[in-house]
Amino acid sequence: MDYSIRYKLTIFLFAIVWLINGLIAKVLGMVPRHELIVARILGNTWAHELTLLIGFSECLMSVWIISGFYPKINAITQITIIICMNILEFLLAPDLLLWGRANLIFAILFSCWIGWNEMHRRRMVLHD
């Protein structure tokens with residue numbers, strides 16, 4: 001498979017992950033434990049509103065990914081958000097996570113994939 005097709009497919013997959021977690025899980029509220037996690041970490045008072053805000057932000061992240069605008073900053077932002085969010089959840093809400101504390105392992109692997117994809121893209125751009 002041609003590199004550019006693989007890269008575009010990977011970018012599409014990253015965007016879909018953010019869109020599903022933002023729109024379906026949080027904005028549409030189809031995964032109620034997300035709001036419980038927000039309530040546990042940030043408090044009950046504004047948990048619903050903050051969950052919606054986080055969900056909309058994740059939807060915007062998917063648009064940013066697809067846009068290709070500042071891809072290096074985008075990759076760094078994704079990795080930072082994923083790691084910070086998962087460390088907080090690991091420490092404060094492990095019982096609410098799909099795979100418990102093992103979620104952090106998946107977050108690290110996903111972050112590595114994002115970083116690898118960006119480094120590989122940059123090498124290919126420099127050699128084209």
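The model shown is predicted, which means the values in this text are computed figures rather than measured ones.
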Hey, what do you get for [atom1] ([X]) to [atom2] ([Y]), rounding to the nearest 0.5 Å?
{"X": "C112", "Y": "I79", "atom1": "SG", "atom2": "CD1", "result": "7.5 Å"}
{"X": "T77", "Y": "I82", "atom1": "OG1", "atom2": "CD1", "result": "10.5 Å"}
{"X": "T51", "Y": "R33", "atom1": "OG1", "atom2": "CZ", "result": "12.0 Å"}
{"X": "L91", "Y": "R101", "atom1": "CG", "atom2": "CZ", "result": "7.5 Å"}
{"X": "L50", "Y": "S57", "atom1": "CG", "atom2": "OG", "result": "10.0 Å"}
{"X": "W46", "Y": "L42", "atom1": "CH2", "atom2": "CG", "result": "13.5 Å"}

What's the shortest heavy-atom distance between [X] and [Y], and which atoms?
{"X": "N44", "Y": "A39", "result": "OD1-CB, 3.1 Å"}
{"X": "M61", "Y": "I81", "result": "CE-CD1, 3.8 Å"}
{"X": "S111", "Y": "I83", "result": "OG-CD1, 3.6 Å"}
{"X": "G68", "Y": "P71", "result": "O-CD, 3.3 Å"}
{"X": "N86", "Y": "N103", "result": "OD1-O, 3.9 Å"}
{"X": "W18", "Y": "I65", "result": "CD1-CD1, 3.3 Å"}

Report yes if the side chains of [X] and [Y] come closer than 4.5 Å at any heavy-atom pair, otherwise no.
{"X": "L104", "Y": "L97", "value": "no"}
{"X": "I66", "Y": "S62", "value": "no"}
{"X": "N74", "Y": "F69", "value": "no"}
{"X": "K8", "Y": "F12", "value": "no"}
{"X": "E58", "Y": "L19", "value": "no"}
{"X": "V38", "Y": "H48", "value": "no"}
{"X": "K26", "Y": "V31", "value": "no"}

Does one hydrophobic cluster hold both [X] and [Y], with members joined at side-chain heavy-atom distances below 4.5 Å?
{"X": "F56", "Y": "I24", "answer": "yes"}
{"X": "I37", "Y": "M85", "answer": "no"}
{"X": "F110", "Y": "I105", "answer": "no"}
{"X": "F14", "Y": "I108", "answer": "yes"}
{"X": "M30", "Y": "L23", "answer": "yes"}

Handout entry: Ring centre gap for Y70 and W64 strictly below 6.0 Å
Key = no

Exercise for the section: State plainly whether the residues E118 and K72 are in salt-bridge range, i.e. N to O under 4.0 Å. Expected result: no

Handout entry: Sidechain N-carboxylate O distance under 4.0 Å for R40, D95
Key = yes

Practice task
Answer yes or no: are there more than 12 heavy-atom neighbours, outside W113 itself, under 6.0 Å from its atom CH2?
Solution key: yes

Exercise for the section: Hey, can you tell me if W99 and F106 have their rings parallel, tilted or perpendicular (30° and 60° cut-offs)? Expected result: tilted

